[in-house]
Amino acid sequence: MKNQEISKIFYEIAEYLKTERIAFRPYAYSKAALSLETIEEDVSDVYRKGGLKALEEIPGIGKNLALKIEEYLKHGKIKYYDDLKKKLPIKLDEITRVEGMGPKKAKILYEKLKVKNLKDLEKAAKAKKLRGLRGFGEKTEKNIIEGIAFLKRDKGRFLLGEIMPDVKKIISSLKRLKEVDRISTAGSVRRMKETIGDVDILIVSKNPSKVMDFFVSLEGVVKIWSKGTTRSSIRMRKGFDVDLRVVPEKSYGSALQYFTGSKEHNIFTRRTAMDKGLKLNEYGVFKGSKMIAGKTEEEVYKAIGMAWIPPEMRENEGEIELALKNSLPDIIGYNDIKGDLHTHSDWDGGANSIKEMAETARSMGYDYIGIADHTKFLKIEHGLDEKQLLRQRKEIEKLNAELSGFRILQGCEANILNDGLIDIKDEVLKKLDFVIAGVHSSFKMEKEKMTERIIKAMRNPNIDIISHPTGRLIQKRDEYLIDFDKILKAAKETGTILEINSYPERLDLKDFYIRRAKEAGVKMVINTDSHHKDQLKLIEYGISQARRGWAEKKDIINTEPLNRLLKNFRY
DNA sequence: GCCGTTTTCGGCCCGACTGTTTTCAGTCG
């Protein structure tokens, strides 16, 4: 798809234009770049079907940019961009990734010191050549060296599940401060995005300097980027940054709305407000100079004619249109799950016994738990064979006899072999309460073969659930190649349930696919894939992913009580 | 360079903070 390539070029052009101190045109280019990034259609298709006219229909693309897109599609390059690069032959995108380095500083460094890339920049800074240049001093030099070190160490984004425990700790420390009147996370943490760049926190306080003093001296702070009375920014030992903002009580709601984002959501909400003759910013909603809302998010959204939108949905993916009509989906809540169906016990090398897993599940208020240990093909995971599964069944029956008001279900996480067959005999699968099947080998199959492989497993009437259906590991491994539409069609036909795996590096299905599954009428289940009883609480991330995919309670089978749940299983 | 029931010109987000200056430019969100 050419969208991303062209989008990247437009973003770079915007940066180049900033070095020339041109006003507004950079803004137009970045807006167009963002637009290309987010549209679903391939620009080559758009152009093929409707030519330049159709390109101009894309928001943010006018005559001029349509021509540049055409040029790229035809010749694989854009002359305007090449000329800009010739004029300033440096790796702008690379250099501006360094915290504190923007396009204008980059230009100065090229003109004075011939700095062209990250390497040159590091060399010059370490040789103390930056200090003395206009706008540069010792501190800037030091910050640049540290910024480069950070870039080298990390890709800059963290898994939600990786930093959420730290975020909760920071929030509860701040909450204990008597100067803090109100507090909330904002930004991508509040939207529960699968990866987080930095953490935003918003508070109301009548004594901000006290709060800021406390904030910058929190346990684990390794660097103070900035400290003021309305905003401070720190880096934690783990490597992520936290931004704290203090806002007045009367603007808390609008500030929360503003800083929660996403950027695209905000652009659209502000535009909607403008259409109604109102102005929306972080301080409130204004009619002329009169403030008509701001204290709570609910009243802010109401003032611009919308229903309150759950943070997880705020990505400008159609939620605003629905909020205007007051017809947002009633997405699943964090307390709607009645049991976890994908957990591992010490039978396959997990940390805890079946009984311990069940007790933890029960203490979380669940009505049932499914034990789904690996099966024999996965030798590394001590997979169970037919005999062991039948023995395990006896033990679970015994445990259930001792329990009332709670039920342990026996499943297994069987392997879908390369040919789509399952590594456990059907007559044994039939005896279990439910069966999960997943791909755990040969991830690099061709798309068609992999799709066929999974669909064949779905057609086995003993298979109820497909675990982590796309196989991705965030920042580590891409999803395997599958035709998701075909998978959905087969799931619908066979009544197979697709898993939303809550494991922080999986989150599989991801939000985008969840939404498609929901639209296709395919049922899903939110599981943790726990190998330890403490991991059962990871369910929060599966639920947030489901919310980001607009899933409702009725789309998720493990929101149902036991008797209804069991009807979803075929044998 | 885009956009438009405020429509073909004049807006486009702008405030906070740092590090440099000696009143402000650059960066960030």
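Chain letters run A, B, ... following the sequence lines, proteins first, then strands; residues in each count from 1. Given the structure is predicted, the values throughout are model-derived calculations rather than measurements. Both backbone and side-chain heavy atoms feed into the values below; hydrogens, waters and symmetry mates do not.
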Worksheet entry | Pairwise P distance for B:dC17 and B:dT6, with rounding to whole Å | 36 Å
Worksheet item: Is any side-chain nitrogen or oxygen of A:Tyr27 closer than 4.0 Å to OP1 or OP2 of B:dC12?
Response: no
Worksheet item: With A:Arg48, which residues qualify under side-chain contact (heavy atoms from CB on, under 4.5 Å), at least two apart?
Response: A:Asp45
Item to complete: Just name whichever nucleotide pairs with B:dT18, Watson-Crick or G-U, keeping both distances under 3.5 Å, else none.
Response: B:dA25
Worksheet entry | Side chain of A:Lys139 (C-beta onward), nearest among B:dG1, B:dT20, B:dC17 | B:dT20
Discussion item. What is the distance, to the nearest angstrom, from the CG atom on A:Asp275 to the P atom on B:dG4?
Written reply: 10 Å
Worksheet item: Base, sugar-phosphate alone, or nothing: which one does A:Lys263 contact when heavy atoms must sit under 4.0 Å apart?
Response: nothing
Discussion item. Say we look at B:dC3 and B:dC13: how far apart would their P atoms be, to the nearest angstrom?
Written reply: 14 Å
Discussion item. Could you tell me how far apart A:Phe268 (CZ) and B:dC12 (C1') are, to the nearest whole angstrom?
Written reply: 18 Å
Fill in: Residue whose closest nucleotide on DNA chain B lies nearer the 5' end, A:Met274 versus A:Ser226
A:Met274
Worksheet item: From the list B:dA16, B:dT18, B:dG1, which nucleotide is the closest neighbour of the side chain of A:Arg25?
Response: B:dG1
Fill in: Pairwise P distance for B:dT20 and B:dG26, with rounding to whole Å
14 Å
Fill in: Value in whole Å for how far the P atom of B:dC13 lies from CD1 of A:Ile267
8 Å
Discussion item. How many whole angstroms separate atom CD of A:Glu146 from atom P of B:dG19?
Written reply: 11 Å
Practice prompt. Just call it for A:Lys31: base, sugar-phosphate, or nothing, with non-hydrogen atoms closer than 4.0 Å on any strand.
Written response: nothing
Worksheet entry | Residue closer to the 5' end of DNA chain B, A:Gly132 versus A:Tyr283 (nearest nucleotide) | A:Tyr283
Practice prompt. Please work out if A:Ser30 contacts a base, only the sugar-phosphate, or nothing of the nucleic acid, heavy-atom cut-off 4.0 Å.
Written response: nothing
Worksheet item: From B:dA25, B:dG1, B:dG15, pick the nucleotide closest to the side chain of A:Arg21?
Response: B:dA25
Discussion item. Taking any heavy-atom pair under 4.0 Å as a contact, classify A:Pro26: base, sugar-phosphate, or nothing.
Written reply: nothing
Discussion item. Measuring centre to centre across the rings, with the benzene-like ring taken for any Trp, is A:Phe484 within less than 6.0 Å of A:Tyr513?
Written reply: yes
Worksheet item: Taking only residues two or more places apart in sequence, or in another chain, which ones meet A:Lys87 in a side-chain contact (heavy atoms from CB on, under 4.5 Å)?
Response: A:Glu20
Which atom pairs link the protein and nucleotides 27-29 of chain B when you take only N or O atoms and keep those under 3.5 Å?
residue	atom	partner	partner atom	Å
B:dT27	OP1	A:Gly102	N	2.6
B:dT27	OP1	A:Gly102	O	3.0
B:dT27	OP1	A:Lys105	N	3.1
B:dT27	OP2	A:Lys104	N	3.4
B:dC28	OP1	A:Gly100	N	2.8

Worksheet entry | Whole angstrom value for the distance that separates C1' of B:dC13 from CD of A:Glu264 | 15 Å
Side-chain donor-acceptor pairs of residues 173-185 of chain A under 3.5 Å, sequence neighbours excluded:
residue	atom	partner	partner atom	Å
A:Ser173	OG	A:Lys169	O	3.0
A:Asp181	OD2	A:Lys206	NZ	3.0

Practice prompt. In whole angstrom, give the distance that lies between atom CZ of A:Arg134 and atom P of B:dT21.
Written response: 7 Å
N/O donor to acceptor pairs below 3.5 angstrom from side-chain atoms of residues 287-309 of chain A, sequence neighbours left out:
residue	atom	partner	partner atom	Å
A:Thr296	OG1	A:Glu299	N	3.1
A:Glu297	OE1	A:Arg190	NH2	2.9
A:Glu297	OE1	A:Trp308	NE1	2.8
A:Glu297	OE1	A:Arg314	NH2	2.9
A:Glu297	OE2	A:Arg190	NH1	2.9
A:Glu297	OE2	A:Gln257	N	3.4
A:Glu297	OE2	A:Arg314	NH1	2.9
A:Glu297	OE2	A:Arg314	NH2	3.4
A:Glu299	OE2	A:Gly294	N	2.8
A:Glu299	OE2	A:Lys295	N	3.0
A:Tyr301	OH	A:Gln257	NE2	3.2
A:Tyr301	OH	A:His265	NE2	2.9
A:Tyr301	OH	A:Arg314	NE	3.3

Worksheet item: OP1 or OP2 of B:dC17 less than 4.0 angstrom from a side-chain nitrogen or oxygen of A:Thr230, does that happen here?
Response: yes
Worksheet item: Taking only residues two or more places apart in sequence or in another chain, which ones pass side-chain contact (heavy atoms from CB on, under 4.5 Å) with A:Arg231?
Response: A:Asp243, A:Arg245
Fill in: Neighbours of DNA chain B within residues 65-78 of chain A, by heavy-atom distance under 4.0 Å
A:Leu65, A:Lys68
Discussion item. Does a side-chain N or O of A:Asn64 approach OP1 or OP2 of B:dG1 to a distance below 4.0 Å, or not?
Written reply: yes
Discussion item. Salt bridge check, A:Lys223 against A:Glu146: does any charged N sit closer than 4.0 Å to a carboxylate O?
Written reply: yes
Worksheet item: Given atom CZ of A:Phe136 and atom C1' of B:dA25, what is their separation to the nearest angstrom?
Response: 11 Å
Discussion item. Going by the rule side-chain contact (heavy atoms from CB on, under 4.5 Å), which residues pair with A:Lys139 if we only count those two or more places apart in sequence or in a different chain?
Written reply: none
Discussion item. Rounding to an integer number of angstrom, what distance separates B:dT23 and B:dG29 when you compare their C1' atoms?
Written reply: 25 Å
Worksheet item: Can you find a heavy atom in the side chain of A:Glu138 that is under 4.5 Å from one in the side chain of A:Lys142?
Response: no
Worksheet, complete the sentence: Between CZ of A:Arg271 and P of B:dC2 the distance, given in whole Å, is 15 Å
Worksheet item: Hey, is the side chain of A:Asn143 poking within less than 4.0 Å of OP1 or OP2 on B:dG19, counting only N and O atoms?
Response: yes
Practice prompt. Considering only atom C1', compute the distance from B:dT8 to B:dG1 and round it to an integer number of Å.
Written response: 14 Å
Between side-chain atoms of residues 90-103 of chain A and protein atoms elsewhere (two or more places apart, or another chain), which donor-acceptor pairs fall under 3.5 Å?
residue	atom	partner	partner atom	Å
A:Glu94	OE2	A:Leu118	N	2.8
A:Thr96	OG1	A:Leu92	O	2.9
A:Thr96	OG1	A:Asp93	O	3.4

Worksheet entry | Residue that, paired with A:Ile543, satisfies side-chain contact (heavy atoms from CB on, under 4.5 Å) out of A:Ile556, A:Asn335, A:Ile337 | A:Ile337
